[in-house]
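Notes follow the structure.
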Amino acid sequence: MRRRAAAGPKLDLEMTEQMAIEVKQLDRVVIRFAGDSGDGMQLTGDRFTAETASFGNDLSTLPNFPAEIRAPAGTLPGVSSFQLHFADHDILTPGDAPDVLIAMNPAALKANLPDVPRGATLIVDTADFTARNLKRIGYDENPLETGALEAYHVVALNLTGMTVESVKEFGLSRKDASRAKNMYALGLVSWLFQRPIESTIAFLETKFAGKPDIRDANIAAFRAGFNFGETAEEFAVRYEVKPAQMATGTYRNISGNLALAYGLVAGAQRAGLPLVLGAYPITPASDVLHELSKLKRFDVTTIQAEDEIAGVGAALGASFAGALGVTTSSGPGISLKSETIGLGVMLELPLVVCDIQRAGPSTGMPTKTEQADLLQVMFGRNGEAPLPVLAAQSPADCFAIAVEATRIAVTYRTPVIVLSDGYLANGSEPWQIPRIEDLVTIDPNFTTEPNATADDGTPKYLPYLRDPETLARAWAIPGTAGLDHRIGGLEKEDKTGNISYDPANHDLMVRTRQAKVDGIARSIDPLVVDDPDGDAKVLVLGWGSTYGPIGAGVRRVRKVGGKVAQAHLRHLNPFPANLGEVLKSYDKVLVPEMNLGQLAMLLRAKYLVDVVSYAQVRGMPLGAAELAEVIGNLVEETAGIDDDARHLGLDAANLKHGEQLHQSEGAR
Amino acid sequence: MSTVDLGLPSLPGGLRGVPAATEPQSRKEYVSDQEVRWCPGCGDYAVLAAFQGFLPELGIKRENVAMVSGIGCSSRFPYYLSTYGMHSIHGRAPAIATGLAVARPDLSVWVVTGDGDALSIGGNHLIHTLRRNVNLKILLFNNRIYGLTKGQYSPTSEPGKVTKSTPMGSVDNPFNPVSLALGAEATFVARTVDSDRKHLTSVLTAAAEHRGTAFVEIYQNCPIFNDNAFDAFKNPDTRDDAIIPLKHGEPIRFGTDGHLGVVRDGFASLAVREVADLPNGEADLVVHDAHTDDPAYAFALSRLTDAGVLHQAPIGIFRQVDRPAYDDLVRQQVDTAKETQGTGDLQALINGSDTWTVG
């Protein structure tokens, strides 16, 4: 164990001779900030992310926080954390296990330690390690003193004490002063990983512009933390993760919910339609409402409705009016909206319904991720009510998916479901910013003139006359003279849209609505399979936010010599036209999902392919190592290798990426 | 969508922004080609006829009228009018109409609903629409029964009512729709009767001209499942004593030879008294003021409605006050954002403030 006593804040005076601090090159680092819900860990993580993004690393983040806004301080349920994975190459996940854990109190240490591999660095604020606090969370003794952490590189520092000392001059109460400890920690870690710090200082100046004392204290604490790293002997090594080689272009960092909001606006603008959002607050979708509320200058109207049903109702009413109606929610809200979505299917009006999935059933775990709403959105309506379903595969992909959803909704006059989840919503990654003029153009193609002739020769409007190619119905909006018509949830007569109970007509209309949705497949790209050598026998097929972990798992298997193909679905209804052919060209198809096998069920039903389902529902993203093991095992099983002779999975799971952060005796 | 500004200030508040018709319109133009399928004798026929006769009088373009309904007998209404219309789902018409009204200031938006649709399954949307004061007109056809599902008690049925679902009598306490609307601080609240075309038309006209949500309860007879529920208001022998007529600026006096009147009675309450028994006669009667800002007065009026079998109820406009309409305010914010921040530059937005360039 290499723990040292906490260094006092004054030692820099004596450190006239700087030790030569070694700089180590790393190709990737996973860092996790953990503390009380009130400790500002999400903000700290966001800032470190921004610094890392502007430095040019590839990155992926995983915020993880309790549903309670402020659980009692110092307790295990109150722990909030933010994990960031950054690298000099393109990465796909926020990382399975942190190389560095910053724990701001005993509860944060205890709650996160099970995730931390031996050999990792623990930076621990010792200020709250009192007997009372330790006891409260079930520690009989101080783990910093018992040797319980000797497998780790422990840097125990009185961060709170040093923070208070560093902001003394601002005359804040101890409570207020100590609240800057997250910035002190951020400064220290920024030094350790050589992050550019200008953006954080600029950020603090803006954020606390109205409170000069708080602003100055936070900046002072941030600088003090940085300087402490530089001057104290605590760290013999600094680390460098060089910028990643990324495709030419302009980048920014973006979270899934923000990308979704921007994508919806972009879609509406490409269609030339005003956007009307009807939404009811719900975790983890509310940020989409918040972001869109700021964008009124883009012809965006947001209605915070009285409930989920009114949210989708207002959106559908706006679509009837000729706007792009959008509603955003999570699983429980989608349940409530089902009837109105079904009405949208019958009315054949554009509507974009975003489901930011969370762990269910019922209230479930609101702040935890899951992808178990697939079958709900596919089938959760009365009658035959097919509609297109899309799923974003990464935070930045939420933008492109929203534009695609708008294209389909407007072109085909149909509600479209967009699936995201808590992991994508709050996670972030660098995004190569597209040029707006390169985005698809969407034509609402409003009908403005009669489209048929009555028996007596007078021109008339048939609201359910269809485009022969897309089967989209004619769409005339209120205010169009001569085209007034009535639509509703009762079955429509073909072409006229009049109420009809005719058996043959109903059969025709049910089949037509299905054919319309099925036909969307003709407008989407075929599924692309990543199979570098072209001779893999196993295909890993995923959808939604598992894209990153699956990709990382596949890479691990390939690194240890396994052959495996990967493909990812962004269109779940209809599937890409070549999906059946793809599935049949592999001996085994593995489908990892954060549910109990919902896509697997659809694939088996539609293609009669006996896919292998890998299902985990823990409220957390799948891990790259666990997937590597599953994939490796399946690759060897498919090759006919006996159970006891298999090693690929374990090799891939245990693969160490790049350099170890520490030459620790306790490396796993 | 742009609003067509025809520069015609003559259109009253509720229709501001709706383009005026260029030529006089006839009732016939508003009759759709669909066969009306209500039961013979249904009160809905009278309301439909009145409505088709009244719409041309509004002087707005027919294509700028939009009807939204929920589910129930009355919700078939949009099919029978040659305007834009949506027959939606049970209880949700106010929510759908809100989206429509917000998106389109150039439309005159009407919601047609019933006692089950508006007060039971859709109660939440109704009260929130009223409190927001969205510029739409809600016609609540109250027949005090579920007709389309063949005769179950509704949230306005009298206690003890024996129906298919309440063979031993309903134990539910009913809503008074006008009281409910006033509790939600609706800015326009009125009640009328299906059979009185003149009164119905005058109330509809006032509703159309009101900026904000206009809530109109229409007593409507269901001859099949709840016949004669409003007989007291229709029977020449009883109606004079049954109808408490509300006329703005006039003392509330009614009954054969005006023998009855409404007086203040204790704390925030009103009561019906024999005028002859009043110390100062007519001078003691309440002079109806629909513009009273505090809804408590109109609420007190609404309590003069019988809760059980109806023998007496105020008819007319209870409340008519000005308050900014939700949809106007929402659009105003969009306009203000464009004025102060400029029409959005989408590329600049998605670029954000913190970008880096590779290559």
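Values below: all heavy atoms of this structure, side chains included; hydrogens, waters and symmetry mates excluded. Keep in mind the model is a prediction, meaning the values are calculated, not measured. Reminder, nothing fancy here: chain letters follow the sequence lines and each chain counts from 1.
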Do other residues, nucleotides or ligands put more than 12 heavy atoms under 6.0 Å from A/F298 CZ? yes
Contacting region of B/T83 [heavy-atom separation from chain A under 4.5 Å]: backbone
For A/A259, is it the side chain, the backbone, both or neither that has a heavy atom under 4.5 Å from a heavy atom of chain B? neither
Mind checking the CD-CG spacing from A/Q269 to B/L349? Nearest 0.5 Å is all I need. 9.0 Å
Please look at A/I254 and chain B and tell me whether the side chain, the backbone, both or neither of the residue comes under 4.5 angstrom of a heavy atom of that chain. neither
In terms of heavy-atom pairs under 4.5 Å, which option from B/V68, B/T336, B/I71, B/T355 contacts chain A the most? B/T355
Which one, B/R331, B/M67, B/Q341, B/R131, leads in non-hydrogen pairs under 4.5 Å with chain A? B/Q341
Identify the heavy atoms of A/L343 and B/S88 that sit nearest to each other, and give their distance. CD2-CB, 3.7 Å
In terms of heavy-atom proximity below 4.5 Å to chain A, should B/R76 be classed as side chain, backbone, both, or neither? side chain
B/R62 portion near chain A, given a 4.5 angstrom heavy-atom threshold: side chain
For A/I436 against B/Q347, the heavy-atom pair lying closest together: N-OE1, 2.7 Å
Kindly compute the distance separating OG1 (B/T357) from CZ (A/R252), expressed to the nearest 0.5 Å. 13.5 Å
Under a 4.5 Å heavy-atom cut-off, does chain B meet the side chain of A/A481, its backbone, both or neither? both
Mind checking what makes ring pair (Phe, Tyr, Trp, His ring centres under 6.0 Å) contact with B/Y146, not counting sequence neighbours? none
Hey, mind stepping through A/D299 and B/K338 against side-chain contact (heavy atoms from CB on, under 4.5 Å) and telling me if it holds? CA-CA 8 Å; A/D299 258 330; B/K338 286 180 190 165; 2.6 Å; yes
Quick check on the interface: out of B/R132, B/E339, B/H90, who has the most heavy-atom pairs with chain A under 4.5 Å? B/R132
Tell me whether A/D456 at atom CG has more than 12 heavy atoms from other residues, nucleotides or ligands lying less than 6.0 Å away. yes
Got a donor-acceptor contact below 3.5 angstrom from the B/R92 side chain to the A/T340 backbone? no
What's the separation between atom CH2 in B/W356 and atom CG in A/N253, rounded to the nearest 0.5 Å? 5.5 Å
Derivation of the side-chain contact (heavy atoms from CB on, under 4.5 Å) call for B/H125 and A/D307: CA-CA 8 Å; B/H125 308 308; A/D307 58 29; 3.2 Å; yes
Any chance CD of A/Q245 has more than 12 other-residue heavy atoms, nucleotides or ligands included, within less than 6.0 Å? no
Heavy-atom pairs under 4.5 Å with chain A, option from B/I89, B/N64, B/L81, B/V334 with the top count: B/I89
Heavy-atom distance under 4.5 Å to chain A: side chain of B/L346, backbone, both or neither? both
Pick one of side chain, backbone, both or neither for A/L258, based on which atoms fall under 4.5 Å of a heavy atom in chain B. neither
Just do the side-chain contact (heavy atoms from CB on, under 4.5 Å) check on B/D354 and A/F203 with the steps written out, would you? CA-CA 11 Å; B/D354 203 357; A/F203 168 83; over 6 Å; no
Contacting moiety of B/D345, where chain A heavy atoms sit under 4.5 Å: backbone
Judged by atom type as modelled, is there a donor-acceptor pair below 3.5 Å linking the side chain of A/R486 to the main-chain atoms of B/Y80? no
Counting neighbours of OH on B/Y30 that are heavy atoms of other residues, nucleotides or ligands and sit closer than 6.0 Å, is the number greater than 12? yes
Tell me, for A/V312 versus chain B, whether the close heavy atoms (under 4.5 Å) come from the side chain, the backbone, both or neither. neither
Around atom NZ of A/K495, are there more than 12 heavy atoms from other residues, nucleotides or ligands closer than 6.0 Å? no
Any donor-acceptor pair under 3.5 Å linking the side chain of B/Y84 with the backbone of A/T480? yes
Side chain, backbone, both or neither: which part of A/P434 has a heavy atom under 4.5 Å from chain B? both
To the nearest 0.5 angstrom, please state how far the CD atom of B/E63 sits from the NE2 atom of A/H485. 13.0 Å
Are A/I499 and B/Y79 close enough, and set up right, to give a side-chain contact (heavy atoms from CB on, under 4.5 Å), and what steps lead you there? CA-CA 9 Å; A/I499 300 169; B/Y79 287 117; 3.4 Å; yes
Inter-residue atom distance B/I350.CD1 - A/I433.CD1, 0.5 Å rounding: 6.5 Å
Interface residue of largest heavy-atom contact number with chain A, from B/N351, B/V330, B/L107, B/T343, under 4.5 Å: B/N351
Restricting to non-hydrogen atoms, name the atom on B/A103 and the atom on A/V276 that form the minimum distance, rounded to 0.1 Å. CB-CG2, 4.3 Å
Which atoms of A/F55 come close to chain B, meaning under 4.5 Å heavy atom to heavy atom: side chain ones, backbone ones, both, or neither? neither
Tell me if the CZ atom of B/R37 is crowded by more than 12 foreign heavy atoms within 6.0 Å. no
Measuring heavy-atom distances to chain A, does B/Q34 have an atom under 4.5 Å in its side chain, in its backbone, in both, or in neither? side chain
